[in-house]
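Okay, so here's the structure we're looking at.
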Amino acid sequence: MKLNINSFEGLKKAGIEVPSYDVVATRERTLKDPIWIHFGAGNIFRGFIARLQDDLLNQGLANKGVIACETFDGEIINKIYNKYENLTLVATLSANEPSKYRVVASVAKGMVANPNYPEDFASLKQAFINPSLQMISFTITEKGYALTDINKNYLPVVEEDFKNGPSKCFHAMSLITSLLYERYTHGGYPIAVVSMDNCSHNGEKLMASIVTVAKKWIENNLVEKGFLEYLEDESKVSFPWSMIDKITPRPAKEIEDSLEKLGFDDMKPVMTSRHTFIAPFVNTEVCEYLVIEDKFPNGRPCLEKAGVYLTDRETVNKVETMKVTTCLNPLHTALAVYGCLLGYKSIASEMEDSDLVSMVKNIGSEGMKVVVDPKIISPQKFLDEVLYQRLPNKSIPDTPQRIATDTSQKVPVRYGETIKSYLASKDLSVDDLHFIPLAIAGWLRYLLGLDDNLEAMELSSDPMLDVLTKKLANVKSSLKYNGELKDILSNSVIFGTDLTKTSLASKVETYFEGMLVKSGVRKVLSETVKKYAK
């Protein structure tokens, strides 16, 4: 069997769900008058967001699909999208049921959003000036919105974009701004610009970056002044906030093997030159949430019919805060760094370790004290689902090494927000936080690149990895602590606040120092659980 449009009948006989709509006709309509363009063509898009529109198409509630654009790794489009006719085989993995397979065909075309791909970029410009376009969305990770480095200096590529203007720019935010400028100069039609990335106040971050680029271009007389008014007029351009949640780990060997047994040919993952490990299939969990602020000035697909929560900004913020700062993400990050240190290869196997289970339960409990109930989703039920269904799901081949990627970008939200809430509270004290500082200490210990046996281990990629590992180089070489953490702990960019001005810094330092001996990570973890776990 092959993954292509002509194979649908054979796939259906093999028990695989295939589209019930006319894929070719849908694609023609989409490309002629697009309604939705998505930037970030990776697994969360293919396995969740594209599938939402596929749901609507199968139900007859939509007649157009999505155009997918990649801003980081153009090889994905050639090796995964074009090669498999823009189809994705989604494997949904349940803990207690056999895997379910489905072909998602809602992507009309894959493109590379980069001027170095002139044909694709010309097509993108045409799509952006079409009045039919209702929304553009993003899953480019939190770092995709960043214009500056750790010291708040503009990145070199961004500096060049500021000088060159919309005709020749390369940073993702500059590219999007240039495309929005095309829309402005060709009628100024309304549009929703929707971040679906897993970060706090994502719509606000997206807007801030785009407006910054626009202002710099205006200062340099590269665009019309009215462009800024267009971007800041919510009746023209909206930046809805959202919260997304669905685990879509890297392609699993188990799924690759099962597809081969089913009779599939040529479904192996590929590794691109930019180190993206991606496959024609996406393996993902059953649980999923997408909550979006309902602010679409040019209309939108009826996503609520596909299970999306459409609500107001305040509710989105409450749900996002609940998930990102308490009920899932802080737990995931703690399991990631401790899993690497303790030699685990899957998140699910960590959930059989009583110390780690106790740690993440208590991280959740510490955060729960400052969570505001969003009403549409119960925080306690969400946390229980994470602890007892999602994280222990052995069918999800997720690894601590994958989750440990870009941790420096996650810490300010996953732990910093809760810390700030405690500091602002009249009834709570950071002195009562024991497991959040334990998670932070574990991450800093992880940065030494030595596991709990003091043997070298590979660190996951992180934009701050070089800076942070250099600051800890003396600790790694001597396994002695002489205050090297203070410079890191005082960085409010990393933690959301200066931890050295709180009692948390000394607590983190104590935990960290105790982890500098063989088996010290396990010892500190176990002792903390024994002393403070509830």
Side-chain angles (χ1 to χ4, degrees), residues 4-5 22-42 45-46 49-50 53-54 57 62-88 104-140 144 161 164-194 196 210 213 223 227 237 272 274 278 298-301:
N4 57 48
I5 293 173
D22 186 330
V23 174
V24 174
T26 298
R27 291 179 173 181
E28 290 174 352
R29 285 191 295 269
T30 304
L31 296 175
K32 181 175 181 292
D33 291 304
I35 59 169
W36 185 355
I37 299 175
H38 184 86
F39 293 87
F45 165 69
R46 298 164 66 220
I49 297 165
Q53 191 68 2
D54 201 63
L57 287 163
N63 66 358
K64 294 178 182 177
V66 187
I67 295 172
C69 298
E70 178 56 28
T71 62
F72 174 73
D73 193 340
E75 285 183 51
I76 290 175
I77 300 302
N78 184 43
K79 294 182 176 180
I80 296 298
Y81 279 75
N82 295 342
K83 183 176 179 180
Y84 298 93
E85 298 183 354
N86 297 306
L87 302 174
T88 298
V104 170
S106 59
V107 175
K109 188 176 182 180
M111 300 182 185
V112 182
N114 190 304
N116 290 332
Y117 294 77
E119 186 175 335
D120 281 1
F121 207 64
S123 296
L124 260 182
K125 287 182 177 180
Q126 286 301 309
F128 261 77
I129 67 176
N130 196 318
S132 66
L133 186 62
Q134 297 177 327
M135 64 183 290
I136 58 174
S137 55
F138 301 82
T139 50
I140 58 175
D161 289 348
N164 296 329
S167 62
K168 186 184 178 183
C169 53
F170 292 93
H171 188 277
M173 293 294 96
S174 307
L175 289 168
I176 300 305
T177 309
S178 74
L179 291 166
L180 288 171
Y181 188 62
E182 289 286 330
R183 190 167 180 84
Y184 164 73
T185 57
H186 289 80
Y189 302 112
I191 190 171
V193 183
V194 191
M196 295 182 180
I210 288 175
V213 174
V223 299
F227 180 42
V237 183
T272 70
R274 301 203 73 171
I278 193 166
N298 202 31
R300 60 169 175 78

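Excluded from the calculations below are hydrogen atoms, water molecules and symmetry mates; all remaining heavy atoms, backbone and side chain alike, are included.
With rounding to the nearest 0.5 angstrom, the CG atom of Asn130 is 5.0 Å from the CG atom of Asp33. Rounding to the nearest 0.5 Å places CD1 of Ile129 at 11.5 Å from CG of Leu124. Between the NZ atom in Lys125 and the CG atom in Leu179 there is a gap of 7.5 Å [rounded to 0.5 Å]. To the nearest 0.5 angstrom, Ser174 atom OG is 15.0 Å from Tyr181 atom OH. Between atom OG1 of residue Thr177 and atom NE2 of residue His171 there is a gap of 10.0 Å, rounded to the nearest 0.5 Å. Between the CG atom of Asn4 and the NZ atom of Lys83 there is a distance of 12.0 Å, given to the nearest 0.5 Å.
When all heavy atoms are compared, the tightest approach of Ala41 to Tyr81 is O-OH, 2.9 Å.
With Arg183 contributing its side chain and Tyr189 its backbone, the two residues share a donor-acceptor pair below 3.5 Å. Side chain of Asn298 to backbone of Pro131: a donor-acceptor contact under 3.5 angstrom is found. The closest donor-acceptor contact from the side chain of Asp54 to the backbone of Ala105 lies under 3.5 Å. Not one N or O on the side chain of Arg29 forms a donor-acceptor pair closer than 3.5 Å with the backbone of Lys64. Judged purely by atom type and a 3.5 angstrom limit, Ser106 uses its side chain to pair as donor or acceptor with the backbone of Ala50. Between the side chain of Thr139 and the main chain of Met196, no donor-acceptor pair closer than 3.5 Å is present.
Here the side chains of Lys32 and Ser132 are not in contact, with every heavy-atom distance at 4.5 Å or above. Considering only heavy atoms from C-beta on, Ile278 comes within 4.5 Å of Arg46 through its side chain.
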Side chain to side chain contact (heavy atoms under 4.5 Å, CB included) between Phe128 and Leu180, intermediate numbers included: CA-CA 7 Å; Phe128 261 77; Leu180 288 171; 4.0 Å; yes
